[in-house]
Amino acid sequence: MEVDKAQEQPCPPEEKLDSLSITTAAAEPSSATGNDFEIIKSVGEECIQESELMLLLSKKPEPICYDGFEPSGHMHIAQGAMKIINVNKLLSAGCRVRMWIADWFAQLNNKMGGDIKKIQDVGNYFIEVWKAAGMDIDSGKVEFLWASKEINERAHEYWPLVMDIAAKNKLPRLQRCCQIMGREDPEDLTGAQIFYPCMQCADIFFLKADICQLGMDQRKVNVLAREYCDDIKRKHKPIILSHHMLPGLLQGQEKMSKSDASSAIFMDDSEADVNLKIKKAYCPPKIVEKNPCLEYVKYIVLPWFKEFTIDREAAYGGPKTYLTFEEIVADYEAEALHPKDLKSALTKSLNKILQPVRDHFVNNEYARNLLKKIKKYKVTK
C-alpha cells in the first residue's frame, strides 16, 4: 500500500516512516507466496489483517518482523523454545527478524531494580540461550538491536515520533495499554510507565517493521500503532501477528510467572527441575481445556519435533507416536492416554530441548561466567 501524500498530515515523524510501494489491487498470489503466508500465519493465534499479509508477501521479498523483550530475569520456555519456533518459521518464510532488546524499557519498568548494567547482562544471557537452543542466527537474517544504543544514535528520529504519538492519544487510552508491562492498577503507574506505551508504539515505526510478532498480551499497543496510522493518514499499517500465551503449570494459572518458579519450565532448569515441575503440574484425566501439559505438547513439543512419542509397556498399550495434536486429544479424552504417560513423554521431550542450553552454559566460558554473574544478582525466575 502506497502512502497517499496528498492526504497525509504534515507531521515530522511521518517523514521518517518507511512506506511500501504496494498498490491497493491484490496481486495473484504465487504458490510460494501462499506457502509463506500459511507459515507466517501459523505463528499467530490472531492476525490483523490476513489480506494485508498476503498483499505484503506478494510485493516485498523480505518483510521485516519486529519482536521485542525486556531482559527481566531467567528465561522461561515460552520466551525460549516457543520464540525459537516462531522466529525460525518466519525466517523459513523469507522474513527478516529484528529482535529489540528493550533495556531502557526494563529500566522504565523498574526491572532488576532499574540497574541498566544488570539488565544488559540479562539481555546477553537471553541471546546466549537462543544461540544454544537453536535459533537460526547463522542465517544472517536475525538482528539483535539494543534499544538504548539505537535510540541514542538516532534520537532525532525517535523522540519526535514518540512525542507525536503521545500528543495524539489521551491518557485513558495509554493507561489501557499499560497492561503490556504487567501493570493493571492505573493508580500505581509512574510517569515513566505512562510513557512506556508511546515508546513501544514508536518502536514499530522506528524499526521499519512490516509485521509485529508479539504475544497476545501486547496486542493493545500494536493496535495503538495501527490507530496512529489512521491519525497521520498512513495507509501502510503494521500487520499484527499475536502468538498464544502459555499458561502456568499449576491449576488456575492463566499465564506463567517468573515470580513463581513452579509455574513454568525455565531454559536453564536442570533435568531434576523439569522432572519435578512436570510431575506436580496440573493434568486432570480426560480434560483438555486449560490443561498446561497438553498446551506444552501442542505449542512446544509437536512444532519442535514434528511428533510426540509415548513410551509405555505393552500391557498399557505399548509405545505410540502421534503426528497431530488432534490424535493426542482424541486418545486423552477417551482415556487411551493416561496423564502419567503424557507427563513422562513431555518430561523427556523438554529435557531433550533444554540439554544443549545446559551444555552451552557449562562448556562455553563466556556463557558460564555470564550465568554466574546473573545468579549473583539473585534474579528471580
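Being a predicted model, the structure only gives us computed values, none of them experimental.
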Non-hydrogen atoms of Gly73 and Tyr125 that approach each other most closely: O-CE2, 3.8 Å
From CE (Met199) to OH (Tyr158), nearest 0.5 Å: 4.0 Å
Glu153 atom CD, neighbour heavy-atom count above 12 within 6.0 Å: yes
Cluster overlap Ile240 with Val43, hydrophobic side-chain contacts below 4.5 Å: no
For the student: nearest non-hydrogen atoms of Ala264 and Tyr296, plus distance: CA-OH, 3.8 Å
Exercise: do Tyr228 and Asp164 side chains pair donor with acceptor under 3.5 Å: yes
Exercise: identify the closest heavy-atom pair between Val122 and Ser72: CG1-N, 3.8 Å
Close side-chain approach of Met99 to Phe126, heavy-atom, < 4.5 Å: no
Exercise: identify the closest heavy-atom pair between Cys47 and Ile239: SG-CG2, 4.0 Å
Residues Gln218, Asn222; criterion side-chain hydrogen bond (donor to acceptor under 3.5 Å, both in side chains); working and verdict: CA-CA 7 Å; Gln218 305 295 303; Asn222 290 334; over 6 Å; no
Test item: Asp210 side-chain N/O and Cys95 main-chain N/O as donor-acceptor pair under 3.5 Å: no
Verdict with supporting geometry, His76 and Ile265, side chain to side chain contact (heavy atoms under 4.5 Å, CB included): CA-CA 6 Å; His76 56 58; Ile265 301 298; over 6 Å; no
Sub-4.5 Å side-chain heavy-atom contact between His338 and Pro285: no
Evaluation steps, side chain to side chain contact (heavy atoms under 4.5 Å, CB included), between Lys131 and Asn364: CA-CA 12 Å; Lys131 285 179 181 177; Asn364 182 283; over 6 Å; no
Using residues 300-307 as the side-chain source, report each donor-acceptor pair under 3.5 Å to any protein atom, sequence neighbours left out, with the distance given to one decimal.
from	atom 1	to	atom 2	distance (Å)
Lys306	NZ	Pro303	O	3.0

Partner of Arg358 under side chain to side chain donor-acceptor pair (under 3.5 Å), chosen from Asn363, Asp268, Asn351: Asn351
Salt bridge (Lys or Arg N to Asp or Glu O under 4.0 Å) assessment of Arg226 paired with Asp230: CA-CA 7 Å; Arg226 288 178 63 89; Asp230 292 332; over 6 Å; no
Spatial distance of atom CE (Met112) from atom CD (Gln107) [nearest 0.5 Å]: 12.0 Å
Closest non-hydrogen atom pair, Glu150 against Phe206: O-CZ, 3.6 Å
Atom pair NZ (Lys141) and CG (Leu90), whose distance is rounded to the nearest 0.5 Å: 12.0 Å
CA sep, side-chain torsions, deciding dist, call: Ile48, Arg219, side chain to side chain contact (heavy atoms under 4.5 Å, CB included): CA-CA 10 Å; Ile48 305 175; Arg219 183 183 186 276; 3.7 Å; yes
Donor-acceptor under 3.5 Å (Trp159 side chain, Ile151 main chain): no
Spacing of SG belonging to Cys198 relative to CG belonging to Asn169, to within rounding of 0.5 Å: 6.5 Å
Residue pair Tyr332 / Asp341, side-chain heavy-atom distance below 4.5 Å: no
Pair Lys280, Ser262: side-chain N/O donor-acceptor within cut-off below 3.5 Å: no
4.5 Å side-chain heavy-atom contact, Leu108 and Phe195: no
From CD (Glu143) to CZ (Arg96), nearest 0.5 Å: 6.0 Å
Shortest non-hydrogen contact between Tyr282 and Cys293, atoms and distance: O-SG, 4.0 Å
Atom pair CG (Leu174) and NZ (Lys220), whose distance is rounded to the nearest 0.5 Å: 12.5 Å
Residue pair Lys168 / Glu227, side-chain heavy-atom distance below 4.5 Å: no
Heavy atoms from other residues, nucleotides or ligands near CE of Met216 exceed 12 (cutoff 6.0 Å): yes
Single-linkage hydrophobic cluster, 4.5 Å side-chain cutoff, Val288 and Leu337 together: yes
Verdict with reasoning, Ser270 to Asp273, per side-chain hydrogen bond (donor to acceptor under 3.5 Å, both in side chains): CA-CA 5 Å; Ser270 68; Asp273 289 333; 3.1 Å; yes
Aromatic ring pairing Phe105/Trp100, orientation class (parallel under 30°, perpendicular over 60°, tilted between): perpendicular
Heavy atoms from other residues, nucleotides or ligands near CD of Glu365 exceed 12 (cutoff 6.0 Å): no
Exceeds 12 heavy-atom contacts within 6.0 angstrom, atom NZ of Lys89: yes
From CA spacing to verdict: side chain to side chain contact (heavy atoms under 4.5 Å, CB included), Leu249, Ile278: CA-CA 8 Å; Leu249 287 171; Ile278 297 301; 4.2 Å; yes
ILVMFWY cluster, Leu246 and Leu250 together (side-chain gap under 4.5 Å): no
Heavy-atom side-chain contact between Asp136 and Val142 under 4.5 Å: no
Near-ring test His74/Phe266, centroid separation under 6.0 angstrom: no
Among Leu53, Asp67, Val97, the one residue meeting side-chain contact (heavy atoms from CB on, under 4.5 Å) with Ile211: Leu53
Single-linkage hydrophobic cluster Tyr377~Val129, side-chain heavy atoms < 4.5 angstrom: yes
Shared hydrophobic cluster for Tyr366 and Ile101 (ILVMFWY, side-chain gaps under 4.5 Å): yes
Short side-chain to backbone donor-acceptor contact, Asp103 and Ser148, under 3.5 Å: yes
